[in-house]
Amino acid sequence: MAQEFYPFKDIEAKWRKRWEETGLFKMDQNSLKKKYYCLMMFPYPSAALHVGHGRNYIIGDSVVRYKIMRGYNVLSPMGFDAFGLPAENAAIKNGIHPEISTLNNIKTMRRQFDSWGAGYDWDREVVSCLPEYYKWTQWIFLQLYKKGLAYKKKAPVNWCPSCQTVLANEQVIDGKCERCSSQVILRDLEQWFFKITDYSQRLLNDLESLEDWPERVKLMQKNWIGRSQGVEIDFKVRDSDIILRCFTTRVDTIYGVTYMVISNEHPAIRELVKGASNKKEIEKFIEETKKENAADRIGADIEKRGVFTGRFVVNPVNNKAVPLWVGNYVVTEYGTGAVMAVPAHDQRDFEFAKKYGLGIEVVIDNPKEPMDASKMKEAYAEEGVMVNSGKFNGLPSLEAIRKIADFMEENKIGKRKVHYKLRDWLISRQRYWGAPIPMIYCDKCGIQPVDEKDLPVLLPRNIKFKPHGESPLKDAPEFVKIKCPKCSGNAKREIDTMDTFVDSSWYFLRYLSPRDDKGPFNKDLVNKWLPVDQYIGGVEHAILHLLYSRFIVKVLYDMGHVGFKEPFAKLFTQGMITKNGIKMSKSRGNVVSSDDLIEKYGADTVRLYTLFISPPEKDAEWGDRGVEGAWRFLNRVWRLIEDNAHAGGWWSVEGGEKDSTEKDKKLKQKTHYTIKKVTEDMEETFHFNTAISSIMELVNEIYEYIGLKHGASGPQLKEAVQTVVILLAPFVPHIAEEMWEKLGNKESVFNAEWPECDKSALNQSTIELPIQINGKLRSKIKAPSAAGEDEIKKLVLNDSLVNKWLEGKEPKKIIVVKGKLVNLVI
RNA sequence: GGGCGAGUGGUGGAAUGGCAUACACGAUGGACUUAAAAUCCAUUGAUCGCAAGGUUGUGAGGGUUCGACUCCCUCCUCGCCCACCA
């Protein structure tokens, strides 16, 4: 009897070659089958991948293979998000050109994808750092420029002194650089922005159409866009022509305004403090708090501080003058940078007023307990009844919001207004390793776009990678010097490059015509294949990448380049693999090498364990021991086929016994239950872990069926074993193919028909009926599965154990649940 | 501070109103073996009992229900996202 391990090395090599030859993953443009575009987020090329990375691709590959088996014309492309900081940082450190290290890493990664058995249509590969790709990233920039959606402005930006570059807000974590953890400072630079804020409302509205996105992700996007409805109110500055506009969502509290605060970066601030007696103090305050802003925007808990400007502003509803302060708690970029302060009904204002002895005036009464301004411990921010509010007294505050807004609009004191937290997208990077921004600066003609026919603007090859606060492209004279496209005079190129999120905001369009040098994508193909049917990636991209991609697609839609408004119909976000409770990463030293494991156990074992470890949307803790279990299981299935092949091959037995015995019925029932379970998991939840465990149960059932004697036969057994092999194929493709061949099939298992669940097989002849008394399990009886309620009740009352528990009493009620459970109430 | 999610054996996890702990890992005992590996068999929430069997048990407390891991309320802990957004 053969007791060797299954020869995974030979098997895996054999089938990989076969898939390559038969083009299993090549999308067929002329196929009549239904299309299915399955997209994995394309990775940044980093050197050695671990099992945590593997999980992403194994999940995606299982979906792809399942859909192929279900008869779809599947498009499963792969590419590389190949521009970015790490390669450039490495170049600074060790002198290796980013292009070389990146292309090397890509080579390694392709090999690793292959080693996981993850198949892609490699003819469609896109690599964002190649001119054939970034030419069109630049084209996208020019489209936005043409539409007035790309503009330049001086803006305070997060600056990492160590990386010598600008960071997006989201790359700043706890005031520190996401990559190098140095303290981030603010710095004013001329930057290119994309006007994503023009699309705020549409990006918000269309979230509702994304029914197959996780609620969590939609909510995160919604909060990020941050729509709030309110009123903008103009306050006149006394003894001045200046008008300060502020925004509030709580216009019902307008009569409770006791002071106003403006941000330390408010545009009118210089003018306002011109004649102030404490001018020095104010200026000192402004300087100090500017420094705080960087840390502040990042979340550090900074105490509220402020300074009086010597000015007063007039409340337009009651003409009352209130003091004007400069404070560190007003967000410059949001609203108008000026806030009407209502200490009685806003916690922040309350704290500030307490600290500086400013007035507190109650204008909304808490219906539950009367309020007294002098005794308040905290602000009352709930609804209530209007008091001290002139003609609005007595109204419920919710109603007052409407009435006061109406009143203000009628009297032109204020105007309803919607604000968003969403900011424009800063795309400039003072970096080499990115797509150059295709713009030219001419002294005579000003800013000029590069002509589309002159694209791509190629990155120069010879560059010194010494950071000096400006883009390294500055040191490449052959790059910088250019003729103005308008007047042909001497001009200079833009030396900044684009944020890599621009590269990744349209790559899914390029896969349909990756080598096309006439356009960024083929309109017909793209309209046929998009939206993407299934997008799979990490939840860390829930906000930025997905929002940017949605934005770019909407812009392209508006310009008539594509016929759809949303890029991704269905989204699945997987969890990450942890080790010792933290994310697997090289710097933390807790990586589990995927290559080593594959060398020892083969790809299928690694795949099976990875999928079995937990539901894929959840984070999962890696345990090396569990791999053994997956390995044992595969050997167990393998033996099932090997041993019986030695014993004569029961799968060839066509006739044999009819499926009449109890044993046969049980096996058939289990087989069809497993089909149902696996199919549901694949279609609905991607819960591969439960799909696999149900297949394990079926294998256990098969072993029980044949007992220890080999050479068992019969149609039921044949069906069960075939089912196991087919159902396993999406998860462990190599061994499944080999076993499928051993079962005498000439065609690939991926051409096999996915089994249908025969519902009649799910009902056994007799079923075991659990009996509860007052909800507690007290007995079990055997009953025919076709038995009616009355018959079941009769059987239950005849059961001796039941009678023992009834102690002669008559049950008040007998509840039969779906013919599967009985509960007696006594 | 706000929002979202989660809390089940020694471990990963299963069950979304109906037999709690499927499936797997680990552990213990046994068979086979000179031995080991592999494989197979048995046991494995806690607790009482020689046993049949009982009691108890899904973060804590309360509620709804014939019946609650599941629904509702209060609280605790952890995780993630956002965060002085007026």
Side-chain angles (χ1 to χ4, degrees), chain A residues 1 3-5 170 214-217 219-224 226-228 230 246-251 253 260-261 263 296-304 327-342 345-349 351-352 381 419-422 539-540 542-543 575 581 608-609 612-615 617-630 632-633 635-636 639 687 689-700 703 708 768-780 811-818 820-826:
Chain A
M1 196 184 306
Q3 286 292 0
E4 283 146 19
F5 304 131
E170 38 291 346
E215 283 307 318
R216 185 161 78 106
V217 172
L219 201 67
M220 276 158 79
Q221 294 224 345
K222 200 177 156 188
N223 291 339
W224 189 259
R227 182 182 202 271
S228 64
C246 71
F247 174 72
T248 182
T249 54
R250 290 295 306 274
V251 72
T253 62
M260 180 180 253
V261 223
S263 141
D296 172 30
R297 93 177 36 196
I298 321 307
D301 213 4
I302 288 169
E303 206 199 338
K304 293 177 185 40
N328 65 345
Y329 73 99
V330 179
V331 180
T332 311
E333 300 85 7
Y334 184 75
T336 60
V339 174
M340 59 176 230
V342 187
H345 305 293
D346 182 287
Q347 189 57 28
R348 292 154 300 177
D349 299 343
E351 285 166 25
F352 193 83
H419 277 281
Y420 301 90
K421 288 186 204 170
L422 187 64
V539 73
E540 65 274 19
I543 298 175
L608 190 72
Y609 174 65
F612 185 62
I613 190 168
S614 93
E617 72 275 12
K618 269 182 67 174
D619 290 348
E621 171 74 13
W622 186 268
D624 281 321
R625 281 169 171 172
V627 182
E628 294 272 352
R632 279 204 287 262
F633 172 72
N635 277 291
R636 196 165 141 86
R639 267 198 314 277
H687 280 183
N689 58 331
T690 53
I692 290 166
S693 74
S694 69
I695 299 172
M696 287 173 168
E697 285 181 57
L698 177 55
V699 170
N700 290 344
Y703 267 98
L708 283 175
E768 201 173 50
L769 216 50
I771 318 270
Q772 299 177 340
I773 294 176
N774 284 346
K776 286 208 165 174
L777 182 70
R778 290 307 186 200
S779 180
K780 280 182 185 182
K812 277 186 211 147
K813 214 171 16 166
I814 303 177
I815 301 160
V816 181
V817 184
K818 291 175 201 158
K820 278 183 187 162
L821 177 141
V822 183
N823 190 22
L824 309 181
V825 187
I826 53 171

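Order of the sequence lines fixes the chain letters, A, B, ..., with proteins taken first and strands second; residue numbering starts at 1 for each chain.
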Within the modelled atom types, does a donor on one side and an acceptor on the other bring the side chain of A:Lys304 and the base of B:C84 under 3.5 Å apart?
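Pair found.
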Indicate, yes or no, whether a donor-acceptor pair under 3.5 Å links the base of B:C82 to the side chain of A:Lys421.
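For A:Lys421, whose side chain was compared with the base of B:C82, there is no donor-acceptor pair (under 3.5 Å).
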In whole angstroms, how far is the [atom2] atom of [N] from the [atom1] atom of [X]?
{"X": "A:Asn223", "N": "B:G3", "atom1": "CG", "atom2": "C1'", "result": "6 Å"}
{"X": "A:Asp349", "N": "B:A86", "atom1": "CG", "atom2": "C1'", "result": "7 Å"}
{"X": "A:Leu769", "N": "B:G18", "atom1": "CG", "atom2": "C1'", "result": "12 Å"}
{"X": "A:Glu617", "N": "B:C81", "atom1": "CD", "atom2": "C1'", "result": "17 Å"}
{"X": "A:Met696", "N": "B:C23", "atom1": "CE", "atom2": "C1'", "result": "7 Å"}
{"X": "A:Asn635", "N": "B:A38", "atom1": "CG", "atom2": "P", "result": "11 Å"}
{"X": "A:Glu768", "N": "B:G18", "atom1": "CD", "atom2": "P", "result": "18 Å"}
{"X": "A:Leu824", "N": "B:U65", "atom1": "CG", "atom2": "P", "result": "20 Å"}

Quick one: are [X] and [Y] in side-chain contact, heavy atoms under 4.5 Å?
{"X": "A:His687", "Y": "A:Glu617", "answer": "yes"}
{"X": "A:Thr336", "Y": "A:Cys246", "answer": "yes"}
{"X": "A:Lys304", "Y": "A:Asn328", "answer": "yes"}
{"X": "A:Val699", "Y": "A:Arg636", "answer": "yes"}
{"X": "A:Val817", "Y": "A:Asn823", "answer": "no"}
{"X": "A:Met696", "Y": "A:Phe612", "answer": "yes"}

[X] near the nucleic acid: base, sugar-phosphate alone, or nothing, with a heavy-atom cut-off under 4.0 Å?
{"X": "A:Arg778", "answer": "sugar-phosphate"}
{"X": "A:Lys812", "answer": "nothing"}
{"X": "A:Leu219", "answer": "sugar-phosphate"}
{"X": "A:Gly335", "answer": "nothing"}
{"X": "A:Val539", "answer": "nothing"}

Whole-Å [atom1] distance, [N] and [M]:
{"N": "B:C66", "M": "B:U11", "atom1": "P", "value": "36 Å"}
{"N": "B:C81", "M": "B:A68", "atom1": "C1'", "value": "31 Å"}
{"N": "B:C78", "M": "B:G59", "atom1": "C1'", "value": "11 Å"}
{"N": "B:C72", "M": "B:U64", "atom1": "C1'", "value": "7 Å"}
{"N": "B:U70", "M": "B:A14", "atom1": "C1'", "value": "13 Å"}
{"N": "B:U34", "M": "B:G29", "atom1": "C1'", "value": "22 Å"}
{"N": "B:A15", "M": "B:U58", "atom1": "C1'", "value": "11 Å"}
{"N": "B:U33", "M": "B:A37", "atom1": "C1'", "value": "10 Å"}

Does [N] pair with anything, Watson-Crick or G-U wobble, both distances under 3.5 Å, and if so, with which nucleotide?
{"N": "B:A42", "value": "B:U28"}
{"N": "B:G7", "value": "B:C76"}
{"N": "B:C71", "value": "B:G63"}
{"N": "B:C23", "value": "B:G12"}
{"N": "B:A35", "value": "none"}
{"N": "B:G57", "value": "none"}

Please confirm whether the shortest side-chain N or O distance from [X] to OP1 or OP2 of [N] is below 4.0 Å.
{"X": "A:Arg632", "N": "B:G26", "answer": "yes"}
{"X": "A:Ser228", "N": "B:A86", "answer": "yes"}
{"X": "A:Asn700", "N": "B:A24", "answer": "yes"}
{"X": "A:Lys776", "N": "B:U56", "answer": "yes"}
{"X": "A:Arg216", "N": "B:G3", "answer": "no"}
{"X": "A:Arg625", "N": "B:A24", "answer": "no"}

Please figure out whether A:Tyr334 or A:Lys818 has its closest RNA chain B nucleotide nearer the 5' end.
A:Lys818
Both A:Gly626 and A:Gln772 contact RNA chain B. Taking the nearest nucleotide for each, which residue is further toward the 5' end?
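Residue closer to the 5' terminus by nearest nucleotide: A:Gln772.
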Rounded to the nearest 0.5 Å, what's the gap from CG on A:Leu821 to NZ on A:Lys780? Could you check?
10.5 Å
Any idea if B:G9 is syn or anti, going by the 90°-from-0 cut?
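With its glycosidic angle within 90° of zero, B:G9 counts as syn.
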Side chain of [X] only, please: which of [options] is the nearest?
{"X": "A:Val331", "options": "B:G3, B:C81, B:C84", "result": "B:C84"}
{"X": "A:Met220", "options": "B:A83, B:C23, B:C81", "result": "B:C81"}
{"X": "A:Thr249", "options": "B:U39, B:C23, B:A86", "result": "B:A86"}
{"X": "A:Arg639", "options": "B:C40, B:A38, B:G3", "result": "B:C40"}
{"X": "A:Ile815", "options": "B:C66, B:A22, B:A86", "result": "B:C66"}

Examine distances only and state if a side-chain atom of A:Asp349 and a backbone atom of A:Val342 form a donor-acceptor pair shorter than 3.5 Å.
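Here the side-chain-to-backbone pair exists.
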Sub-3.5 Å donor-acceptor pair from the side chain of A:Tyr609 to the main-chain atoms of A:Gly623, do we have one?
yes
Students often mix this up, so state it plainly: with edges at 30° and 60°, are the rings of A:Tyr334 and A:Phe247 parallel, tilted or perpendicular?
perpendicular
Protein-nucleotides 10-13 of chain B N/O pairs closer than 3.5 Å?
residue: B:G12; atom: O2'; partner: A:Ile613; partner atom: O; Å: 2.7

How far apart are the closest heavy atoms of A:Ala542 and A:Val217, and which atoms are they?
O-CG1, 3.8 Å
